[in-house]
Amino acid sequence: DSVTGKLLFEAPKGRTMDEFLKESASHGWPSFRDEEVNWENVRCLSNGECISVTGTHLGHNLPDKSGNRYCINLVSVAGKPEE
């Protein structure tokens, strides 16, 4: 989370880095799948909006033929380098 620093997504899981990057590039947003979401810190509302548990807007769930696809605003998942 860009506000709290909590881990929201971890990818790739269940696919290669090339597959993750190709899918993300084809949609224009980092695109995560169910197994890549840290559900302790992320919620998906009934309207498809994804938020952190502290209320930060992350993006939207836009399901496709492969299942749930969470298209997330890049700034929402900006990490902090370890010191």
Side-chain angles (χ1 to χ4, degrees):
D1 186 321
S2 59
V3 176
T4 66
K6 291 181 179 181
L7 180 66
L8 303 173
F9 303 92
E10 207 169 352
K13 286 187 177 178
R15 57 184 171 162
T16 67
M17 181 59 82
D18 284 343
E19 291 168 329
F20 170 72
L21 293 173
K22 183 179 178 182
E23 179 178 56
S24 294
S26 72
H27 297 292
W29 304 95
S31 296
F32 299 94
R33 297 294 176 165
D34 284 325
E35 61 273 9
E36 297 168 328
V37 180
N38 182 348
W39 291 111
E40 290 181 13
N41 297 322
V42 175
R43 298 292 176 265
C44 194
L45 306 179
S46 60
N47 66 359
E49 181 184 9
C50 297
I51 61 171
S52 71
V53 294
T54 55
T56 302
H57 173 79
L58 304 175
H60 294 87
N61 179 20
L62 302 171
D64 63 12
K65 62 181 170 57
S66 298
N68 289 321
R69 179 172 52 91
Y70 306 95
C71 294
I72 303 301
N73 299 330
L74 188 58
V75 70
S76 301
V77 293
K80 293 191 254 180
E82 299 224 7
E83 294 181 22

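- In the hydrophobic clustering of this structure, Met17 groups with Val37; members are Ile, Leu, Val, Met, Phe, Trp, Tyr whose side-chain heavy atoms approach within less than 4.5 Å, directly or through other members.
- Here the side chains of Leu58 and Val42 are in contact, with some heavy-atom distance below 4.5 Å.
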>> Asp1 vs Thr54, test: side chain to side chain contact (heavy atoms under 4.5 Å, CB included). Steps then yes/no.
In response: CA-CA 9 Å; Asp1 186 321; Thr54 55; 3.3 Å; yes
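- Here the SG atom belonging to Cys50 is positioned 8.0 Å from the CG atom belonging to Leu45, to the nearest 0.5 angstrom.
- Within the model, atoms CD1 of Ile72 and CG of Leu8 stand 8.5 Å from one another, a figure rounded to the nearest 0.5 Å.
- The nearest pair of heavy atoms linking Tyr70 to Cys44 is CE2-SG, 4.2 Å.
- Closest of all the heavy-atom pairs between Pro12 and Glu36 is CA-OE2, 3.3 Å.
- Residue-environment remark: CG (Leu21) exceeds the threshold of 12 foreign heavy atoms within 6.0 Å.
- Residues Ser31 and Glu23 share a closest heavy-atom pair of O-OE1, 3.7 Å.
- Rounding to the nearest 0.5 Å gives a distance of 10.0 Å between CD of Glu35 and CG of Asn68.
- A parallel orientation is assigned to the rings of Phe32 and Phe9, their planes being inclined by less than 30° (bins at 30° and 60°).
- One N or O on the side chain of Asn61 and one on the backbone of Arg69 form a donor-acceptor pair closer than 3.5 Å.
- The heavy-atom pair separating Leu74 from Pro30 by the smallest distance is CD1-CG, 3.8 Å.
- Using a cutoff of 4.0 Å between basic side-chain nitrogens and carboxylate oxygens, Lys6 and Glu40 are not scored as salt-bridged.
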>> Go through it in stages, so that I can follow the logic: the residues are Glu49 and His60, the test is side chain to side chain contact (heavy atoms under 4.5 Å, CB included), and I'd like the CA-CA distance, side-chain angles, deciding distance and then a yes or no.
In response: CA-CA 4 Å; Glu49 181 184 9; His60 294 87; 4.1 Å; yes
>> As a quick check of understanding, evaluate side chain to side chain contact (heavy atoms under 4.5 Å, CB included) for Asn73 and Trp29, giving each step before the final call.
In response: CA-CA 6 Å; Asn73 299 330; Trp29 304 95; 3.1 Å; yes
